[in-house]
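Working notes, beginning with the structure itself.
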Amino acid sequence: SWLRLRTCVSGNVFAMAAAAIFPICAVIGGSVDIGRAYMTKQRLQQACDAGALAGRRLMSGEKLSDQDKKEARKMFDFNFPEGMFGSAAFEKTKDGLDNPRFVDGSEDRTVVGFAETSIDTSIMKIFGYDKMQVAVDCASRLDIGNVDEYANWVTQLACNSSASAL
């Protein structure tokens, strides 16, 4: 009986299709959920960058004031409202730190930002993956180069251009 079953080829397509359903679902589900996580991360990164730039732009001294931090957070919230792409609400980190947060960097006139959230998976729940973590960091620093040399170079360039036009 086993030998006859082993040599019988009728119905093989059905068995192969049934065996392939789960791997196909895993590939499609992974693609969909990873695509959503990628979109969320990109938008979260843009919001973090916007917040760091806004905080740095408003800095009047070497360090962030509380008002600068509020403005940075406001810019972040404008670019990434809570729940965007089905993301979870922002909660404090395990260390009790604000999330997202904008703080002074290790150097003067530097703003460092951090944000993290999670998104619920849609198809990968079938395989036991309920959430995907998404975290980004960003920084903004004010660098003022040697403006006098640049202005001198532009002036020389302008003079040379006008002299050659004569």
Nearest heavy-atom contact between Phe102 and Cys48 is CE2-O, 3.5 Å
Nearest 0.5 angstrom please: Phe85 CZ to Thr40 OG1, how far?
6.0 Å
Check Phe114 against Thr93 and note the closest heavy-atom contact, atom names and distance.
CE2-CG2, 4.2 Å
Run the side-chain donor-acceptor check on residues 131-138: report pairs under 3.5 Å with partners two or more places apart or on a different chain.
residue: Lys131; atom: NZ; partner: Asp120; partner atom: OD1; Å: 2.7

Just verifying a value: how many Å separate Lys92 NZ and Arg101 CZ, rounded to the nearest 0.5 Å?
10.0 Å
How long is the straight-line distance from CG of Asp104 back to NZ of Lys69, given to the nearest 0.5 Å?
6.0 Å
Once salt bridge (charged side-chain N to carboxylate O under 4.0 Å, His left out) is applied, do any residues pair with Glu116, and if so which ones, sequence neighbours excluded?
none
Sequence neighbours excluded, which residues qualify as salt bridge (charged side-chain N to carboxylate O under 4.0 Å, His left out) partners of Lys125?
none
Phe78-Met84 co-clustered via ILVMFWY side chain contacts under 4.5 Å:
no
Grouping I, L, V, M, F, W and Y whenever their side-chain heavy atoms are under 4.5 Å apart, do Tyr129 and Val32 come out in a common cluster?
yes
Closest approach of Ser140 and Ala52, non-hydrogen atoms and distance?
CB-O, 3.6 Å
Could you walk me through whether Ile21 and Cys25 pass the side chain to side chain contact (heavy atoms under 4.5 Å, CB included) check?
CA-CA 6 Å; Ile21 286 176; Cys25 286; 4.2 Å; yes
So which heavy atom on Ala72 is nearest to which on Gly51, and how close?
CB-O, 3.2 Å
Between Met124 and Ala26, which heavy-atom pair has the shortest distance, and what is it?
SD-O, 3.8 Å
The salt bridge (charged side-chain N to carboxylate O under 4.0 Å, His left out) partners of Asp33 (sequence neighbours excluded) come to Arg36
In the structure I gave you, are the side-chain heavy atoms of Ser87 and Phe80 within less than 4.5 Å of one another anywhere?
yes
Would you compute the distance between atom CG of Asn79 and atom CZ of Arg43 and round it to the nearest 0.5 angstrom?
6.0 Å
Between Arg141 and Thr110 the two heavy atoms that sit nearest each other are CG-OG1, 3.5 Å
Partners meeting side chain to side chain donor-acceptor pair (under 3.5 Å) with Lys70 (sequence neighbours left out):
none
Answer yes or no: does atom CE of Met75 have more than 12 heavy-atom neighbours from other residues, nucleotides or ligands under 6.0 Å?
no
Roughly how far apart are Ser31 OG and Ile123 CD1, rounded to 0.5 Å?
9.0 Å
Pairwise ring pair (Phe, Tyr, Trp, His ring centres under 6.0 Å) hits with a residue in residues 27-76, at least two apart
Phe76-Phe90
Do the side chain of Asp49 and the main chain of Gln46 share a donor and acceptor less than 3.5 angstrom apart?
no
Between Asn99 (side chain only) and Glu91 (backbone N and O only), is there a donor and an acceptor less than 3.5 Å apart?
yes
What distance do Glu82 atom CD and Thr117 atom OG1 have between them, rounded to the nearest 0.5 Å?
8.0 Å
Treating Ile, Leu, Val, Met, Phe, Trp and Tyr as nodes and any side-chain heavy-atom pair under 4.5 angstrom as an edge, say whether Ile119 and Ile28 lie in one connected cluster.
no
